Amino acid sequence: MTKETLRELVREAPVAPGVYIFRDKKGAYLYVGKAKDLSARLSSYLTSDNPRTRALLRRAASLEWLVTSSEAEALFTESSLVRFQKPPFNIRLAGGEYYPYIKITVKETWPQIFPTRKLVEDGSLYFGPYPDAAAARRTIQAIRSLFPIRPCKYSLPSKRVSLCIYYHMGRCPGPCENEVDPEVYAGYIRGAVDLLSGKTKEAEAELERAMTKAAAELRFEAAAAIRDRLLALRKTLAAPAGFGEGGESRDIVVVKAGGNIAAVSLIALREGRPGVEERFLMEAPDEADPAEVMSAFLKDYYTSRPVNCERLVCVPLPEERELLEEALSERAGRRIRITPPTKSDKNFTEIASLAAEEHLARAVERMRKPIHPGLRELAEVMGAGEMRRIEAFDISHTAGRETTASCVVFLDGKPAKSLYRRFRIRTARPSDDYAAMREVIFRRLRRLIEEKEGLPDAILIDGGPGQLGAGLEAMEALGVNIPAAALAKRYEELYLPDGGHIILPGKSKALLLLKRIRDEAHRFAVSYHRTLRGKRGMESVLDGLEGIGAARKKALLRYFGSLERLRGASLEEIEKVPGIGKKLARKIYESLR
Ligand code: SF4
């Protein structure tokens, strides 16, 4: 953007608080800022010789603004836009997908609540960030114990969904079959939103309202259940008696910046008692000024979750300290102070400093780690972008029977065994490898989509063009497009979706990596297949034995796992299986010999 264009635009800018947005020529957000006076703030861009500002103006193609009622409102609007749009010139939490948030789908008729790492502007409410998925899940559990929000992820209303076990266990009020009054369910959602926003009084009031309504409608069982939830909420909110009484509630926040990354450590002290410690990384477009990073962090963190304390102890103090105090106090409905550490904060500030330093050192170390050379080469071959996560699939069966499939996951070129999955093929006809591959890839990706987990960066299939075609069909059916390839065994040809195939040189790092992934998928599929075959063999042997019903067969299967192991077992060992007496053990022992 030339200075002339900028000058003309600035002339139009109002003398009012608001948010301004610079976009590039494709319309993508480059920078979002907020101002007490848009006209004055934007005029300063005309004279700035800050290298970051100059770089921004070189890339900017347009400028627009939104007028807000106050500077505090501008601050929240700015924070929300930065969170969703991730403009490259703003300081923000590192890796939008990295930290989990809690999402409440308030636009749905029967809203859901679940953790997510994807922020989408779909009208839903997001709370967080949380340092890890477990923390977000624990919060959701606590909320569900107070407000029975449905745990399923069906799109409701739907004729195909009916009351499930959660309803019968009293953990869901059954909106799928209109078992709950929409107003009462909306009250539960409001209660959850209030709790996540720190408005505990309002959450209490919601439960009281729901209880009174249920009692007035003579639904005494429902009223009693709500009363129990209300009591649980009051108990949770009650101050811990006799522990740290008189202690002040405060959050200690320390920022350590290094280059274009910064680490934040936050220790929550409640009633003088240390609570959780959380750590975050912030990305800065340039050398980060710690005060600026602190300001960006406080905006991001506290604008979407409650401020449950009276004081934020910050090292260093944030830029725009007074404005932040004003905005956070307005939001919390009571005075929130931002201060440097006092004498009584010293110990905890030191702990937080060490934690932030350690977190930063680890992040820098991770960034220094070179990308696996095979991944770089593979990304070029497959025409893919960043290739962190590869999932590979293989099918195994015995003459068309006991068909199983494996999915192995490699992260940064290394197996992530905890993410491996195996499947029993349900719909494909015996020996139809293509249909089996279609089924497994469809089921795996559908699950990732439904659970809102990220999709892999690439898919590798053990097989040739037929298996690859089946995989592509599965993706098409789900409306996803993931770079994929199939590696055939004989000449190690790599088949690509455009119909072509290549033979990589024997020493190619990409080929070595592909072979390793493919072989691991094969090993995993075969081992599962053997286990199933073993179990099936054992079942058929046991079927002919008098006195062995389904329960005993299950006990033997659980104890030995395979026919081979049962065959090799001593009489004493068989006797140890629960439910198998001496007589029966002898019968089994003899029949296997
Ligand atoms: S009862 Fe209905 S709404 Fe509730 S979890 Fe089950 S399927 Fe979902």
Side-chain angles (χ1 to χ4, degrees), residues 100-118 120 122-128 130 133-196 203 206-233 236 421 423 426-427 442-453 477-478:
Y101 287 77
I102 289 178
K103 177 172 180 174
I104 303 189
T105 57
V106 286
K107 290 281 169 203
E108 271 191 278
T109 318
W110 302 106
Q112 312 166 45
I113 178 169
F114 53 84
T116 183
R117 291 175 198 267
K118 278 222 155 60
V120 190
D122 56 359
S124 298
L125 295 177
Y126 291 86
F127 300 88
Y130 290 82
R137 273 200 301 273
R138 272 198 306 275
T139 308
I140 291 178
Q141 255 170 24
I143 286 174
R144 282 218 181 99
S145 70
L146 298 168
F147 300 101
I149 298 170
R150 67 181 176 110
C152 69
K153 289 190 174 172
Y154 298 116
S155 169
L156 297 180
S158 162
K159 283 193 184 125
R160 289 195 296 180
V161 181
S162 55
L163 297 174
C164 72
I165 185 145
Y166 290 111
Y167 174 80
H168 299 293
M169 285 161 66
R171 286 172 56 190
C172 173
C176 56
E177 291 208 21
N178 294 316
E179 287 289 312
V180 56
D181 182 336
E183 238 183 80
V184 171
Y185 193 84
Y188 294 152
I189 295 296
R190 275 196 303 274
V193 171
D194 287 338
L195 264 193
L196 286 165
E206 281 303 340
L207 280 178
E208 266 170 19
R209 261 196 297 277
M211 183 175 71
T212 317
K213 189 166 190 296
E217 288 165 3
L218 307 182
R219 292 182 297 112
F220 297 115
E221 235 178 82
I226 300 170
R227 179 205 57 210
D228 292 346
R229 292 197 162 100
L230 187 59
L231 293 177
L233 174 63
T236 314
R421 295 291 177 266
F423 301 79
R426 296 185 200 135
T427 57
F442 182 85
R443 281 168 55 192
R444 169 67 177 163
L445 297 182
R446 185 182 57 187
R447 182 82 185 248
L448 291 175
I449 293 167
E450 279 175 2
E451 309 237 309
K452 303 190 169 66
E453 298 282 336
L478 290 163

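Because the structure is predicted, anything quoted here is derived from the model rather than measured. Note that ligands are numbered from 1 as they come in the structure, with each ligand's atoms numbered from 1 the same way.
Taking CD1 from Ile113 and CD1 from Ile189, the interatomic distance works out to 7.0 Å, rounded to the nearest 0.5 Å. In this structure, CD in Glu179 is found 5.5 Å from CG in Leu163, a value given to the nearest 0.5 Å.
Ring pair Tyr101/Tyr126 is perpendicular by interplanar angle, where above 60° counts as perpendicular and below 30° as parallel.
Checking side-chain atoms of Tyr185 against main-chain N and O of Pro111 turns up a donor-acceptor pair under 3.5 Å.
Around atom 6 (Fe) of ligand 1, the protein atoms of type N, O or S found under 2.8 Å away are Cys164 SG, listed by chain and number.
Below 4.0 Å from some heavy atom of Pro175 lie the following atoms of ligand 1, by number and element: 3 (S).
Scanning both residues, Ser162 and Glu177, for their nearest heavy atoms gives CB-OE2, 3.0 Å.
Counting heavy atoms of neighbouring residues, nucleotides and ligands inside a 6.0 Å radius, atom CZ of Arg209 exceeds 12 of them.
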